[in-house]
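On a predicted model such as this, the values are computed, not experimentally measured, just so you know.
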Amino acid sequence: MSFNWKKTLFVVCDIIIAAYLLLAVTAFNKPDAKAATCTEVKIDVEQTIVEGFMTAGEIKRILTQNKCYPLSKPMAEINVRTIEECLKKSPFVDHAECYKSQSGHVCIYVRQRIPVTRVMADNGENYYVDTHGSLMPETRYVTDQVIATGAITRKYAQTTLTQVANQILKDKFWKNQVVQMNILTDGSVEIVPRVGDHVIYLGAPVNIDKKLDRLRKFYLYGLNKAGWNKYSYINVEFDNQIICKRNKRK
């Protein structure tokens, strides 16, 4: 019986190829030294036109306080779901996502709840209201928010007040101009501007966009000529008219 060199050669080649593939798969899947531990934490807080409370530094503080900040920890021991759940417990976080990269990075994305006004009601309650009308607790964080004072119930804050605040904040001019809203006992609204020695009466909290547009035109064509401190009270409650009370100190 003759020796089959050709068949033997094919078998040897198959063994060599199989061994190579085994070594290659093992080598490619073995984490390198850099990927074995978390070398960097990338934190992305969604930016909006309104300043919120959360920053990358605050995210790091929350995770560190709860002993789940992943930097320098073994990648295999980092639980991204634990990080997400930890952040979602914050009353200022709307959504959180976390994932690990092959390069040894942990990436965290946070969408925060955006406060539209801070309520300091006559009944002593002090809290924030977000863009969706949900209440947010008083906080040590500092942010430049429109203050709402007066006869404000929680129901009014979550419905009517939120709508008025959203109307103000969606316009860049009024976002910068309005510093305070005051709610009267009948539910009508006054606003205090940043520039000008006067109070503006919007009346019932309806058609706010139209009232603010009429007021902007009065600013442009009236107060720019007459002087921003000429009037102490400006009433834009009714359509097609603006009623002004002269400032006696001027």
Side-chain angles (χ1 to χ4, degrees), residues 15-120 125-147 154 157-158 162 165-166 169-170 172 175-176:
I15 294 173
I16 293 174
I17 292 173
Y20 170 77
L21 291 175
L22 179 62
L23 290 173
V25 169
T26 303
F28 290 150
N29 283 278
K30 182 179 179 180
D32 56 34
K34 292 184 178 179
T37 60
C38 174
T39 58
E40 184 177 353
V41 180
K42 297 182 178 180
I43 300 175
D44 179 23
V45 180
E46 183 179 80
Q47 299 299 313
T48 65
I49 60 172
V50 180
E51 182 183 358
F53 297 121
M54 305 305 292
T55 63
E58 181 59 21
I59 298 298
K60 178 180 178 180
R61 187 195 67 80
I62 292 174
L63 295 177
T64 301
Q65 187 178 50
N66 288 275
K67 299 180 179 179
C68 53
Y69 188 65
L71 187 63
S72 299
K73 291 185 178 181
M75 293 293 284
E77 296 180 9
I78 297 172
N79 189 323
V80 296
R81 296 292 172 262
T82 299
I83 293 175
E84 290 174 350
E85 292 304 317
C86 176
L87 294 175
K88 288 177 182 177
K89 290 179 182 179
S90 169
F92 306 109
V93 172
D94 180 54
H95 180 72
E97 291 180 8
C98 180
Y99 65 91
K100 297 184 286 187
S101 72
Q102 293 182 346
S103 58
H105 297 168
V106 173
C107 303
I108 301 171
Y109 165 78
V110 172
R111 182 174 68 237
Q112 57 183 322
R113 294 173 60 189
I114 303 301
V116 292
T117 185
R118 179 178 182 177
V119 175
M120 301 178 70
E125 291 190 316
N126 193 335
Y127 52 86
Y128 291 86
V129 182
D130 73 6
T131 50
H132 303 294
S134 298
L135 303 185
M136 302 169 67
E138 184 183 5
T139 174
R140 60 181 177 80
Y141 307 132
V142 177
T143 186
D144 186 19
Q145 295 293 325
V146 176
I147 304 296
R154 293 199 171 200
Q158 292 177 287
T162 300
N166 280 330
L169 293 178
K170 76 177 185 179
K172 186 176 180 180
K175 174 180 177 293
N176 293 322

Could you give the distance from [atom1] ([X]) to [atom2] ([Y]), rounded to the nearest 0.5 Å?
X: Thr131; Y: Lys170; atom1: OG1; atom2: NZ; answer: 13.5 Å
X: Gln65; Y: Arg61; atom1: CD; atom2: CZ; answer: 5.0 Å
X: Tyr128; Y: Arg113; atom1: OH; atom2: CZ; answer: 13.0 Å
X: Ile108; Y: Leu87; atom1: CD1; atom2: CG; answer: 6.0 Å
X: Met54; Y: Ile62; atom1: CE; atom2: CD1; answer: 3.5 Å

I need the minimum non-hydrogen distance between [X] and [Y], along with the two atoms involved.
X: Ala157; Y: Val129; value: O-CG1, 3.8 Å
X: Val116; Y: Asp130; value: CG2-O, 3.7 Å
X: Val93; Y: Lys88; value: CG1-CA, 4.4 Å
X: Cys68; Y: Ile83; value: O-CG1, 3.7 Å
X: Tyr69; Y: Thr64; value: CB-OG1, 3.6 Å

message: Counting only heavy atoms from other residues, nucleotides and ligands, does the tally under 6.0 Å from NZ of Lys60 exceed 12?
response: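 Check fails, neighbour count at 12 or below.
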- prompt: Considering residues at least two apart in sequence or located in another chain, which fulfil the salt bridge (Lys or Arg N to Asp or Glu O under 4.0 Å) criterion with Glu125?
  reply: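 Glu125 satisfies salt bridge (Lys or Arg N to Asp or Glu O under 4.0 Å) with Arg154 only.
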message: For Glu138, give me all partners under salt bridge (Lys or Arg N to Asp or Glu O under 4.0 Å), at least two apart in sequence or on another chain.
response: Arg118
Can you give each donor-acceptor pair under 3.5 Å made by side-chain atoms of residues 71-79, sequence neighbours left out, with the distance rounded to 0.1 Å?
{"unit_1": "Lys73", "atom_1": "NZ", "unit_2": "Lys67", "atom_2": "O", "d": "3.1"}
{"unit_1": "Asn79", "atom_1": "OD1", "unit_2": "Arg81", "atom_2": "N", "d": "2.9"}
{"unit_1": "Asn79", "atom_1": "OD1", "unit_2": "Thr82", "atom_2": "N", "d": "3.2"}

query: Side chains of Glu97 and Glu84: closer than 4.5 Å at any heavy-atom pair?
result: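 The answer is yes; the side chains approach within 4.5 Å.
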